[in-house]
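What follows is a short report on a single structure.
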Amino acid sequence: MADLVEHARLVEPLHLRDLFAADPQRFQRFSVALDDLLIDYSKNRIVPQTMERLMALARVADLEGWRDRMFAGEPINTTEGRAVLHTALRNRSGRAVTVDGRDVMPDVTEVLIRMGAFADSVRTGAVKGATGKAFTDVVNIGIGGSDLGPAMVTLALAPYHDGPRVHFVSNVDGAHIADTLKRLDAETTLFLVASKTFTTLETMTNAATARAFVADRLGEAAVPDHFAAVSTAVPKCAAFGIREDRIFGFWDWVGGRYSVWSAIGLPVAIAVGSERFESFLAGGHAMDEHFRTAPLEANLPVVLGLLGVWYRNVFGMASQAVIPYDQRLSRFAAHLQQLDMESNGKRVRRDGRPVALSTGPVVWGEPGTNGQHAFFQLIHQGTDPIPVDFLLAAEPHETLSDHHAKLVANCLAQSEALMRGKTLDEVRDELAAAGLDEEAIAALAPHKVFPGNRPSNTILYRKLDPFTLGRLLALYEHKVFVQGVIWNVNSFDQWGVELGKQLATELLPVVKGDADPDTRDGSTAGLIGHFRALRG
Ligand code: F6P
């Protein structure tokens, strides 16, 4: 890393505008593709030696070794003693994938076939509710990885949605389930309880409310006909009253934030059909094969991951924006937040010692063009440059006049503006041409200067279909993996979410008035006192 910091001294004074002017081949030099899926990374603050040094960093960190160990099913999630094999869920190669000497592929295939058949029978109406009516609505009850992935994918694939309506309830705030249920008829509603552990407070609370909704309207005996479950904890699903043939399992080697590829994808399969869900899996597999076999220099997740390290660790940039110019990817950044921040939001290395470098950035974003009219001001002229990933489809699903041409023009304009900026001289000339006098120009010009030299990647693909969505999601999963290897952290545990859960359990009786708040800290006790006063 010291080597990169040293190298940055050479790069920092360079402006992207000049780098483009000096090198007509810059786009070709700094773009990588997997078939139609292209990453243009030429608008980054890099020169050829930068990439060479970043690749050397990856080799020193043994990125290829870690990657191979992950695909081979070694227990690289050391704090939980688990393999990391979401790639097995989308394995289309016919190769065995072994965990503890056992090929997991037969189990993966068995669940995939069962869930596909169930999804398709819900879609055709062959599976019915207790009163003999087909399901018009499906409610997925889950949170975190058991919600964000399937919710994001279902929305992204809206043009292919020809099954029952699919709703997602995650928050323990009763408003979420209340607002969902009030539009639904119990007779025609199927609930999917999705929870890796089947213990998560939010999911269990919402599942109990949904169960009562069915039991109140249709009677207790109707409950099994209106529920299915997805979990690694099969006996717990059965104890909830879910029939064995409606329980779809997965395995502890699938992290929650990587689980949309498992039976957690059931709502997606119900919405778009099992065939399209399999095409999504095939897209993920295509990216896996690329990540596994392409040389580091031409490897999309590697390039994306290393550029992130360059900005995070050498330039000290603490956030990363992801801006899809694709409205249906409007939950993509929300999904990436869990994927990236739960994976690499770590402060100790694999060996338990403090990390030497800053780790995961804050990941955020909203679709363009909406973002342009909201937070882009700060990205263009704020004091802290923020690297941006733009995502863009060449072909829209709709042929509505020139909407898509305008969308594309705006996306390209933003990355160009960030790269090029507008100099003081350019601003002064513009103002003079508009007829302003010298005093007015001097007062206004500084406000209109854009520094430029602000980095972005543009990820351009043919069309947002299930296969491409699979490739995009796997691209970011592997990007996060690459960064975790460089930072030498375990990207697959999430101990940081535990303390809050534990304290919430302790506080629940206090909030309910069944225990005394005095043992809490002054702030918490004070807030509880005020809360009680407000509630009368
Ligand atoms: O709170 C963190 C977390 O454990 C996530 O990692 C997970 O995706 C989410 O909670 C939901 O967990 P489960 O699927 O077990 O209900």
Side-chain angles (χ1 to χ4, degrees), residues 76-86 89 111 115 139-154 168-173 176-177 191-211 227-240 242 247-268 331-346 360 363 473 476-477 480-481 484 489-508:
I76 61 167
N77 175 358
T78 46
T79 60
E80 297 181 307
R82 291 175 182 169
V84 174
L85 275 180
H86 44 282
L89 302 167
V111 175
M115 86 176 249
V139 181
N140 187 81
I141 298 177
I143 197 163
S146 302
D147 165 72
L148 288 163
M152 180 278 283
V153 172
T154 302
F168 291 87
V169 170
S170 52
N171 202 328
V172 77
D173 182 343
H176 203 176
I177 192 153
F191 293 93
L192 310 177
V193 186
S195 175
K196 181 174 169 179
T197 54
F198 225 73
T199 57
T200 305
L201 169 101
E202 292 88 339
T203 302
M204 292 303 110
T205 306
N206 281 320
T209 300
R211 196 183 199 287
F227 277 83
V230 184
S231 184
T232 58
V234 173
K236 291 198 174 96
C237 306
F240 182 87
I242 294 171
I247 302 172
F248 302 93
F250 62 111
W251 306 272
D252 69 359
W253 41 260
V254 181
R257 50 197 176 272
Y258 301 88
S259 62
V260 65
W261 312 96
S262 73
I264 290 288
L266 182 57
V268 178
R331 295 297 287 161
F332 196 65
H335 178 68
L336 292 190
Q337 279 177 336
Q338 187 195 12
L339 172 64
D340 199 320
M341 295 162 76
E342 200 166 79
S343 296
N344 287 340
K346 305 287 162 67
V363 177
L473 186 50
Y476 275 93
E477 288 178 351
V480 167
F481 175 82
V489 297
N490 178 0
S491 300
F492 299 102
D493 60 10
Q494 57 284 319
W495 299 108
V497 301
E498 294 303 324
L499 180 59
K501 286 186 193 171
Q502 192 188 316
L503 294 183
T505 307
E506 282 175 30
L507 277 165
L508 185 57

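From a predicted model like this one, the values you see are computed outputs, not experimental measurements. When a ligand or atom number is given, it counts from 1 through the structure's own listing order.
Counting protein heavy atoms only, atom 9 (C) of ligand 1 is closest to Ile143 O, 3.7 Å. At the top of the distance list for atom 8 (O) of ligand 1, counting protein heavy atoms only, stands Gly145 N, 2.8 Å.
Atom OG1 of residue Thr154 and atom CZ of residue Phe168 lie 3.5 Å apart, to the nearest 0.5 angstrom. Taking OG from Ser231 and CZ from Phe248, the interatomic distance works out to 13.0 Å, rounded to the nearest 0.5 Å.
Nearest heavy atoms, Ser491 versus Gly484: OG-CA, 3.4 Å.
For Thr200 (side chain) and Glu202 (main-chain N/O), no donor-acceptor pair under 3.5 Å exists by modelled atom type. Remark: the backbone N or O of Val363 is paired with a side-chain donor or acceptor of Gln337 at under 3.5 angstrom.
In this structure, Tyr258 and His86 have parallel ring planes: the angle between them is below the 30° cut-off, well short of the 60° mark.
With a 4.5 Å cut-off on side-chain heavy atoms, His176 and Ser170 count as touching.
Seen from the ring of Phe492, Arg82 does not count as a face-on cation partner, given the 6.0 Å and 45° thresholds.
Shown in contact with Val497 at under 4.0 Å from a heavy atom are these atoms of ligand 1, numbered in order with element: 1 (O), 2 (C). Near Gln338, meaning under 4.0 Å from one of its heavy atoms, ligand 1 places the atoms 5 (C), 6 (O), 7 (C), 8 (O).
Close N/O approach between Gln494 and ligand 1 is not found [any backbone or side-chain N/O within under 3.5 Å]. By the 3.5 Å distance cut-off applied to N or O atoms, Thr203 is not counted among the residues near ligand 1. Looking at ligand 1, you'll find an N or O of Glu342 within less than 3.5 Å of one of its N or O atoms.
Of the candidates Ile141, Thr200, Asp147, it is Thr200 that places a heavy atom closest to atom 16 (O) of ligand 1. Within the set Glu498, Lys196, Lys501, Arg257, the minimum heavy-atom distance to atom 3 (C) of ligand 1 is found for Lys501.
Looking at Thr197 against ligand 1, both its backbone and its side chain come within 4.0 Å, counting heavy atoms.
Not a single heavy atom of Glu202 lies less than 4.0 angstrom from ligand 1.
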